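Everything on this sheet refers to the single structure shown next.
All of these numbers come straight from a predicted model, not from anything done at the bench. Protein chains get the first letters and strands the later ones, always in sequence-line order, with residue 1 at the start of each.
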Amino acid sequence: MDRDQVVHILNEIGTLLEIQGENPFKCIAYRNAARALEGLHEDLAALVADGRLQEVKGVGSSIAGKIATLVATGALPYHEELRSQVPPGVLELMRVSGLGPKKARILWLDLGILSLDALEQACRENRLLAHAGFGQKTQENILQGLVQLRSSVGKFLYHVAAERAEKIRLALEANPAVRRVSTAGSLRRRKEIVKDLDLLVATADAPAVMEQFVHLPEVERILAQGPTRSSVVLPGGLQADLRAVSEAEFPFALHYFTGSKEHNTAVRGRARRMGLKLNEYGLHREDGTALPCSDEAALYRALGLAEIPPELREDLGEIESAEQDDLPRLVDEADLRGAFHVHTTWSDGRNSVAEMVAGARARGWRYLGISDHSKSAVYAGGLDQEKLARQQADIDAVARTVPGFRIFKGSEVDILPDGSLDYDEDILSTFDFVVASIHSKFKMTEAEATGRLIRAMENPHVTFLGHPTGRLLLDREGYPVNMHAVIEAAAHLGVAIEINSHPLRLDMDWRLGRFAREKGLRIGIFPDAHEVGGLADVRYGVGIARKAWMRAEDVVNAWELDLVEKWLGRRRSGAGAARPPGDGPPAADDAKKKPARKKG
DNA sequence: GCCGTTTTCGGCCCGACTGTTTTCAGTCG
């Protein structure tokens, strides 16, 4: 049994104990042990073999014994006994927002509810009201939580889908019968949420490729298998479709299956106006003669358009821009020179300052901005003044060991309910940068949330606005914010808004990109990393920034170090909307033909 | 169940919010 499985079981034990009403600290102990294992740098099996498990902080003699059993035998009698005492349906109930162990236990023991369907039924029949702790409002909240939970079924986060798709793509690529292979669909367009995987191959032996595809080890179930198209289900219910075409058809099929539907419709309309017919098999004149294209670039060229990157194919003005050959050169991961918004063990990170810096250097970055949590973020180990001083001394010490690499001292400072910041002037002035974020009191009206964010940005110490809506994809709606007003204020004040690259956040939303560009907003593609591996999440942020039409010059952490230092300095000295030298006015000409579509 | 410059017992991260209560329990981050 590997580490991830052990972590999962320890967490589950914590939950099962909680449902049984065990001492809460005992439950926490199991979760802490799971967390400690997650942050482990060493091989778990080796640790067990050497009898050094108890050296891990959070793992004592009892849990160490259980881990050893799990690693050695793949099972744990204690865990199985707990599972036999609590039906699996109870754990299912706890997935509903607002239902914790206590309420789930009451639903189970007093009402015999063991499924989401039964829970909904009971709410509709007002059967919850008779029980202590349940009122009208609770019942309504549960029904709402059920809607939210079910709406996430059949949807997958980009990073999950991308990882699965890449495995399949590599397997297909290794097949000698496959000439070309690509992902398509919303995944290729880098949407933050995808419903299924679309893959496309060019081959002369489609049946053989289909045979390979449906029998890949990750396939759980075959939905359909034909010579040109097969569909399978992967673990977790993710559906993957593979289509096979000839090499000559490949560019047209790739374009067609990449979409979006709206983009395709617009492109086909354009072809028709030019006396051409475009479909997934080719581009033809009215007399039926084919216009061969070797790739998508040739296809667009044949229609009098510059090649449109997949990320932009949402019919949000990209065709007009391509027609005038003024599509932006989109930011690329290789453009990033560093990053801000990184946590360390000083707050809730899993790696030290030195380790995070080493990770950044290994990526070829020239600078890194450390921002642990501020004092009000107690649950995340926020730093008080004394601890902050020690953290900053630590950063100074690490900085001396990495000449030529710049470490910026900052903080992810909580924006308090009234829009003020969680540190006073004396402390704020010790930072090179400040990421201001909301982490508490999410229930606000749109006016309150918008005012709160803008007031925070008016503080001259604030350089970046962190995850502006607080959303967690497929999990939690963000607070309602008038993002247009926030973007205008940020651009005016010279504050850059973060595109938080954590795959659950990807916040700010890309749909605001055109508007943001028009206003001259600067953005940051920041990892919000809590461990070294989290630095790589910037690739997801880059995908969103590309969908948002962002160029390297719009992205603060794609700037060279000297430019970033100047920019931070100007903001601090109250110069307002500072821009890097040589960077002209916002490129409004290629950003305002079509207003950005509102979120949703 | 874990841990120790508060050290073998007694605290453990804790404040805000919500909905339920009539002084607080449960949930969340």
Side-chain angles (χ1 to χ4, degrees), chain A residues 9-37 53-68 76 78-79 82 90 93-108 110 123 128-145 148 343 345-348 372-384 386-387 412 414-418 422 437-445 448 452 466-467 470-472 475-479 502 504-505 528 530:
Chain A
I9 288 179
L10 291 177
N11 276 320
E12 194 169 289
I13 291 174
T15 306
L16 291 168
L17 290 172
E18 223 176 358
I19 293 168
Q20 302 224 343
E22 254 290 357
N23 173 4
F25 295 109
K26 184 169 166 178
C27 310
I28 289 170
Y30 279 94
R31 295 231 172 75
N32 283 343
R35 229 180 95 95
L37 290 194
L53 264 179
Q54 286 193 62
E55 289 175 16
V56 179
K57 193 172 148 69
V59 177
S61 63
S62 170
I63 292 183
K66 293 185 171 77
I67 293 171
L76 180 66
Y78 178 66
H79 175 232
L82 282 173
V90 185
L93 297 181
M94 285 177 63
R95 292 176 59 205
V96 178
S97 171
L99 286 184
K102 300 281 160 47
K103 285 198 162 76
R105 184 183 165 86
I106 292 171
L107 291 171
W108 162 38
D110 293 0
C123 286
L128 267 49
L129 301 182
H131 294 266
F134 289 87
Q136 190 68 42
K137 190 74 195 175
T138 304
Q139 205 166 251
E140 283 167 24
N141 285 345
I142 289 175
L143 282 171
Q144 208 179 336
Q148 166 88 18
H343 300 269
T345 44
W346 283 102
S347 62
D348 59 348
D372 279 305
H373 286 282
S374 62
K375 64 180 192 300
S376 285
V378 182
Y379 57 88
L383 307 186
D384 59 25
E386 181 272 331
K387 217 171 157 190
E412 183 179 15
D414 268 35
I415 300 174
L416 303 179
D418 66 354
D422 192 28
S437 313
I438 289 180
H439 291 111
S440 63
K441 193 163 186 306
F442 285 19
K443 295 218 169 171
M444 296 171 276
T445 64
E448 285 165 352
R452 186 176 171 186
H467 45 72
R471 75 178 182 188
L472 293 176
D475 185 13
R476 180 180 81 198
E477 294 274 325
Y479 31 83
H502 193 286
L504 279 167
R505 292 189 183 271
D528 195 358
H530 288 72

*A/M94 vs A/F134, nearer the 5' end of DNA chain B by closest nucleotide*: A/F134
*Write down the distance separating the P atoms in B/dC3 and B/dC13, rounded off to the nearest Å.*
12 Å
*Choosing from B/dG19, B/dG26, B/dC2, which nucleotide comes nearest the side chain of A/N141?*
B/dG19
_Opposite nucleotide pairing with B/dT8, Watson-Crick or G-U, both atom distances under 3.5 Å_ = none
_If you apply the rule side-chain hydrogen bond (donor to acceptor under 3.5 Å, both in side chains), what do you find for A/T15 with A/R31, and how did you get there?_
CA-CA 9 Å; A/T15 306; A/R31 295 231 172 75; 3.0 Å; yes
*Start with the C-alpha gap between A/K26 and A/E18, add the side-chain angles, then the distance that decides, and say whether salt bridge (Lys or Arg N to Asp or Glu O under 4.0 Å) holds.*
CA-CA 9 Å; A/K26 184 169 166 178; A/E18 223 176 358; over 6 Å; no
*Which of these nucleotides, B/dG4, B/dG26, B/dC28, is closest to any side-chain atom of A/K57?*
B/dG4
*Could you tell me whether A/L99 contacts a base, only the sugar-phosphate backbone, or nothing, with contacts defined as non-hydrogen atoms closer than 4.0 Å?*
sugar-phosphate
_A/D384/A/K375 ion pair, N-O < 4.0 Å_ = no
*B/dT22 and B/dC28: how far apart are their P atoms, nearest whole angstrom?*
24 Å
*Check the distance between B/dG29's P and A/H502's NE2 and give it to me in whole angstrom.*
14 Å
*Does A/K102 or A/S62 map to a spot on DNA chain B nearer the 5' end, using the closest nucleotide for each?*
A/S62
*Reckon A/S61 touches a base, only the sugar-phosphate, or nothing at all at heavy-atom distances under 4.0 Å?*
sugar-phosphate
*Expressed as a whole number of Å, how far does the P atom of B/dG1 sit from that of B/dT6?*
26 Å
_Selection from B/dC13, B/dG1, B/dC3 that lies nearest to any side-chain heavy atom of A/V378_ = B/dC13
_Spatial distance of atom CG (A/L10) from atom CD1 (A/I67) [nearest 0.5 Å]_ = 5.0 Å
*May I ask you to evaluate whether A/R31 reaches the phosphate of B/dG1, defined as a side-chain N or O under 4.0 Å from OP1 or OP2?*
no
*Hey, does A/F442 reach any base, or is it just sugar-phosphate, or nothing, if we go heavy atoms under 4.0 Å?*
nothing
*Classify the nucleic acid contact of A/P101 as base, sugar-phosphate or nothing, counting any heavy atom under 4.0 Å across all strands shown.*
sugar-phosphate
*Using the side-chain hydrogen bond (donor to acceptor under 3.5 Å, both in side chains) rule, take A/D414 and A/S376 through it: C-alpha gap first, then chi angles, then the decisive distance, then the call.*
CA-CA 7 Å; A/D414 268 35; A/S376 285; 5.5 Å; no
*B/dC17 and B/dC9: how far apart are their P atoms, nearest whole angstrom?*
40 Å
*Rounding to a whole Å, what distance do you find between A/I28:CD1 and B/dG29:C1'?*
13 Å
*If you look at every strand shown and take non-hydrogen atoms under 4.0 Å, does A/T138 touch a base, only sugar-phosphate, or nothing?*
sugar-phosphate
*Does the base of B/dG1 carry an N or O that pairs as donor and acceptor with the side chain of A/N23 under 3.5 Å?*
yes
_For atom CD1 of A/I19 and atom C1' of B/dT27, their distance in whole Å_ = 14 Å
*Over how many whole Å does the gap from A/K137 atom NZ to B/dC17 atom P extend?*
16 Å
*With rounding to whole Å, what would you report as the distance between B/dA16 and B/dT21 at their P atoms?*
24 Å
_For the C1' atoms, the ones on B/dG15 and on B/dG10, what distance do you get once it is rounded to whole angstrom?_
23 Å
*Report yes if a side-chain nitrogen or oxygen of A/N32 is closer than 4.0 Å to either non-bridging phosphate oxygen (OP1 or OP2) of B/dG1; otherwise report no.*
no
*Would you classify A/R105 as touching base, sugar-phosphate or nothing, given that sugar-phosphate means primed atoms plus P, OP1 and OP2, and contacts are heavy atoms under 4.0 Å?*
nothing
*Taking the six-membered ring for Trp, are the ring centroids of A/H439 and A/H373 within less than 6.0 Å of each other?*
yes
*Between B/dT20 and B/dA25, how far apart are the P atoms? Round to whole Å, please.*
16 Å
